[in-house]
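It should be emphasised that the depicted structure is a prediction, and the values quoted were computed from it without experimental measurement. The figures here come from the full heavy-atom set of this structure, side chains too, leaving out hydrogens, waters and symmetry mates.
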Amino acid sequence: MVEAIWTTTEKDGRTVVHLIDQRELPTREIEVPCRTHKEMAEAIRAMVVRGAPAIGISAAFGIALGAQEDSAPSEGLSFSTYMEQVALTIGQTRPTAVNLFWAIERMRPIWQKNASLPPRDRSRILFDEAQAIKDDDILRNKKIGAHGQSLLPQKATVLTHCNAGALATGGYGTALGVIRGAVEAGKTINVFADETRPYLQGARLTAYELAADGIPTTLITDSMAAMVMSQGRVDAVIVGADRIAANGDTANKVGTYGLSVLAREHGIPFYIAAPFSTIDPKTPNGKAIPIEERSAREITHAGERRMAPDGISVYNPAFDVTPARNITAIITERGVYRPEELSEYLSSHSGRESVPQA
Ligand code: MRU
């Protein structure tokens, strides 16, 4: 299965974090090596790596790279102050996916606890923690796949949006994890992949991943989703999430909200598949989720070619919010919850778990 993030060790013992350049897929498989936390921050910002869990894992590796660089002495800073600056640089890359901040919170006590160790030892411990976050994410996704597949009939067509697959996670995927889980359970699954304007994660990444797995996939433009639903050709919509608020409102790739309205109109179940690291109990509802706005060029251009008149004003929110009332269920590694059940679960567990475990 395609891998988004991996590490190698150089002759001098230093770790390099490699990313597959998702901007180039599916036509070119190029890797981007990251040796510094600033290189990793730039890779997240520029969407070399994207997808909420993959952003979180990359952030954790970015923290470890920062510790490995250890520019604290040359900058005249204590290790802890320097690491806070590293975390700030990484935390300022993309605002919506809460996994980014979740990963920083998980790494902070580790760098604080090991601050007095020799530099090599403390960076090794941080790399091990980042790798554990990645490995743990794959296990969570397999559980999401197992729980979610039970919701699908023996033969089903699933519509998905954006890319919530191996490329967007440590591996296996969330929404695509459910599809993979169903295929592994012997079900016959066909997929409609929305192309996902403007950045085309569906056309470039989901179609690439599913084709590699041999899962029958039909690519449609986003505006065709209504048509195929009205034709009775969709049994379920399954998408990932960038942040799930305490009341179940969910931010995901722009266009997801519209799909939820369409699914409701056509009586089609609408599922969010996401690990607990995407749930943000501190954000009460969708209105409080920060929505990233991206460059106008993503809309005015197709590749290098300008498609819109010079000077046209453009609005390009990268995400929208699906209200909890439109969500049939949220599929997590701990089981399947209706949004109101998830809210109850969160309020009954509040304060007991700063770092959710699978
Ligand atoms: O802008 P992106 O490509 O990072 O947006 C990704 C999505 O919206 C995904 O659906 C979401 O992060 C879930 S990935 C398992």
Between the side chain of [X] and the main-chain N/O of [Y], is any donor-acceptor distance below 3.5 Å?
| X | Y | value |
| --- | --- | --- |
| Thr174 | Gly240 | no |
| Thr36 | Glu39 | yes |
| Glu333 | Phe276 | yes |
| Thr328 | Phe270 | yes |
| Arg197 | Asp222 | no |
| Asp136 | Ala132 | no |
| Asp137 | Ile133 | no |
| Thr160 | Ile238 | yes |

Residues, nucleotides or ligands: over 12 heavy atoms within 6.0 Å of [X] [atom1]:
| X | atom1 | value |
| --- | --- | --- |
| Tyr208 | OH | yes |
| Lys187 | NZ | yes |
| Arg305 | CZ | no |

Applying the side-chain contact (heavy atoms from CB on, under 4.5 Å) criterion to [X], which one of [options] satisfies it?
| X | options | value |
| --- | --- | --- |
| Thr206 | Leu176, Leu200, Thr217 | Leu176 |
| Leu167 | Arg204, Glu3, Gln201, Glu209 | Glu209 |
| His37 | Gln68, Glu69, Glu42, Met83 | Glu69 |

task: Check Ser343 against Ala246 and note the closest heavy-atom contact, atom names and distance.
output: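 Taking every non-hydrogen atom into account, OG-O, 2.8 Å.
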field: Residue pair Ser78 / Thr81, side-chain donor-acceptor N/O under 3.5 Å
entry: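 A donor-acceptor contact under 3.5 Å links the two side chains.
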Reported CE-to-CG distance for the pair Met107 and Leu126, which is rounded to 0.5 angstrom: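 Between atom CE of Met107 and atom CG of Leu126 there are 4.5 Å.
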- prompt: Where do Arg294 and Tyr199 land on the side-chain hydrogen bond (donor to acceptor under 3.5 Å, both in side chains) test, with the steps shown first?
  reply: CA-CA 10 Å; Arg294 296 190 59 84; Tyr199 207 72; 5.1 Å; no
task: Give a yes or no on whether a salt bridge exists between Asp194 and Lys253, defined as a side-chain N under 4.0 angstrom from a carboxylate O.
output: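 Salt bridge flag = no for Lys253 with Asp194.
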task: Starting from the C-alpha separation in whole Å, work towards a yes-or-no answer on salt bridge (charged side-chain N to carboxylate O under 4.0 Å, His left out) for Arg23 and Asp21.
output: CA-CA 5 Å; Arg23 300 168 303 182; Asp21 191 341; 2.9 Å; yes
- prompt: Hey, mind stepping through Arg233 and Asn190 against side-chain hydrogen bond (donor to acceptor under 3.5 Å, both in side chains) and telling me if it holds?
  reply: CA-CA 10 Å; Arg233 296 170 71 189; Asn190 286 276; over 6 Å; no
Test: Arg122 cationic atom under 6.0 Å from Phe79 six-membered ring centre, within 45° of axis: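 The answer is yes; both the distance and angle limits are met.
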